[in-house]
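Heads up: the structure comes next, in C-alpha cells.
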Amino acid sequence: MKIATWNVNSIRARLPRVLAWLEARQPDVVCLQETKVVDELFPREEIEALGYAIECFGQKTYNGVAVLSRSEMTDVVRGFPNDPEDAQRRVLGVCVQGYQILNLYVVNGREVGCDAYERKLILLEDLRQMVCTRYADAERLILTGDFNVTFDDRDIYDPEAWRDRILCSVPERDALGRVMECGLADAFRHFHDEGEHYTWWDFRTRGWQRNRGLRIDHFLMSPAALDSCRSILIDRDERDGEKPSDHAPVIVDVDVASAAQ
DNA sequence: ATGGTCGCGGAGCGA
C-alpha cells in the first residue's frame, strides 16, 4: 500500500497537477495539507472519478487538510480534542487497512520567539498529548504531513545560515522529539543516511532553481508500522514544471500483510 | 542581497 503526503499549497490551484500525479503514481492513500478551501468547495468529483474516497477538514484561505483513499476510511478524527473551536484546520486522522494515520499541518511559526512560534510549540504539545492518549494503543501508527521542523543539519541546504532559525531551532525540534518519545521513528532516516534530500524549496528565494531546500515533510512511524515499510521516496519531479507547489510529495510503500501479524 | 514569489481575494496576510 502506497501512502503519500503532499503540501499542495491550495488544492484548487494544484488540481490539474494532483490529478495527473494520482494517475501516474497510483498512491492508495494521500494526505494533503494547505488545501485552503472550505469542505463545501473541495473539488471532490474529479478526484472521486479516479476511485478515491475523500475526507476533508478545511477552512477559507488558510490551512486545511484532507485524506484521499482507495480503501475504506474509518475512525475519522477532525482537529485536536482540546481545541473544540477548530479554528485552525490542521489535523485529520483516519484508519486505513489497519494503519492509524494522522495527517498534520504544523504551524510554520514565522520567526523564533514570536506569537506564531509559541502557537507552534503549543500545537506540538497538543499533538504529543493526542498521540499518547487517543492513539496510545495503535499498533501501526503513522504521523505524516508538513511538520515545518527539520531534524538535523542533513535536512538543511546551508546549516550555518539556518542555525537556530525557524524550522531549525532547538525548542521546536525538542517539541517534535517529545511527540516521538512514545516510539515513533523518522522513516526517511531509517532508509537514507545522507543529506541533501529536501521536501520544500522556498518560492521567494527561487530555492528550487538553486537546490536550496529543507526536509520538513515527514513520515513518523511506530515500530510495527516501520517494520512493514518497504521504501520511502521524495517525488522531486513534482517540484518542477508548470505551477508546482513549493513542496514535493513524499511516498512510502508499506506491506499490509506483513504488518498484520 | 533581511531581497525574492506564490495563493487567496481583491488589500494585505501567511508561507
Side-chain angles (χ1 to χ4, degrees), chain A residues 5-21 31-43 46-47 56-66 79 83 85-92 103-124 144-150 155-169 171-173 175-176 198-218 234-250:
Chain A
T5 182
W6 194 4
N7 180 323
V8 288
N9 188 15
S10 169
I11 184 59
R12 288 179 292 180
R14 216 64 57 212
L15 189 61
R17 286 198 69 133
V18 170
L19 294 173
W21 175 80
C31 296
L32 302 174
Q33 304 89 35
E34 280 205 89
T35 52
K36 296 188 175 182
V37 65
V38 293
D39 296 347
E40 294 72 27
L41 297 178
F42 194 96
E46 300 93 327
I47 294 170
C56 48
F57 188 52
Q59 69 183 78
K60 188 178 173 182
T61 311
Y62 302 116
N63 310 318
V65 283
D83 179 20
E85 296 184 18
D86 290 328
Q88 301 234 306
R89 305 282 170 105
R90 294 179 177 276
V91 58
L92 177 58
N103 177 20
L104 292 151
Y105 175 47
V106 174
V107 175
N108 173 284
R110 198 169 62 85
E111 187 180 313
V112 173
C114 73
D115 288 351
Y117 186 74
E118 294 305 314
R119 288 202 303 276
K120 182 179 200 173
L121 298 180
I122 290 168
L123 181 146
L124 288 168
T144 188
D146 178 2
F147 288 81
N148 272 314
V149 179
T150 57
D155 301 335
I156 309 166
Y157 68 88
D158 185 348
E160 286 312 316
W162 283 81
R163 191 78 63 205
D164 295 325
R165 283 176 55 192
I166 196 66
L167 313 180
C168 306
S169 70
E172 61 193 288
R173 284 179 176 172
L176 182 56
Y198 311 129
T199 64
W200 170 79
W201 297 258
D202 200 333
F203 284 132
R204 291 168 289 187
T205 53
R206 302 181 191 281
W208 173 251
Q209 288 77 1
R210 300 191 273 183
N211 196 28
R212 296 183 166 198
L214 302 178
R215 191 174 71 91
I216 55 177
D217 301 84
H218 304 302
I234 299 167
D235 195 354
R236 287 173 53 95
D237 292 347
E238 280 306 315
R239 184 59 180 81
D240 211 348
E242 287 294 305
K243 271 178 76 84
S245 169
D246 45 352
H247 294 252
V250 184

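By convention in this document, chain letters (A, B, ...) are assigned in the order of the sequence lines, proteins followed by strands, and residues within each chain are numbered from 1.
When the side-chain nitrogen and oxygen atoms of A:S10 are compared with OP1 and OP2 of B:dC8, one or more of them lie within a distance under 4.0 Å. Regarding contacts with the backbone of B:dT5, a side-chain N or O of A:R206 is found under 4.0 angstrom from either OP1 or OP2.
Distance CG (A:D158) to P (B:dA1): 12 Å, rounded to an integer number of Å. When rounded to the nearest whole Å, the span between NZ of A:K243 and P of B:dT5 equals 15 Å.
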Output one line per pair: protein atom, nucleotide atom from nucleotides 12-15 of chain B, and distance, for all N/O pairs under 3.5 Å.
none

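Between the C1' atoms of B:dG14 and B:dG4, the separation comes to 16 Å (whole Å). A distance of about 16 Å separates the C1' atoms of B:dG3 and B:dA15, rounded to the whole Å.
Along DNA chain B, the nucleotide nearest A:I11 and the nucleotide nearest A:R210 are compared for position; the residue whose nucleotide lies closer to the 5' end is A:R210.
For A:H218 (side chain) and A:V149 (main-chain N/O), a donor-acceptor pair under 3.5 Å exists by modelled atom type.
Here A:R239 pairs with nothing under the salt bridge (charged side-chain N to carboxylate O under 4.0 Å, His left out) rule; sequence neighbours left out. With sequence neighbours left out, A:D237 forms a salt bridge (charged side-chain N to carboxylate O under 4.0 Å, His left out) with no residue at all. In this structure, the salt bridge (charged side-chain N to carboxylate O under 4.0 Å, His left out) partners of A:R204, at least two apart in sequence or on a different chain, are A:D202. Qualifying side-chain hydrogen bond (donor to acceptor under 3.5 Å, both in side chains) partners for A:Y157, counting only residues two or more places apart in sequence or in other chains: A:W162. Shown here are the side-chain hydrogen bond (donor to acceptor under 3.5 Å, both in side chains) partners of A:R14, two or more places apart in sequence or in another chain: there are none.
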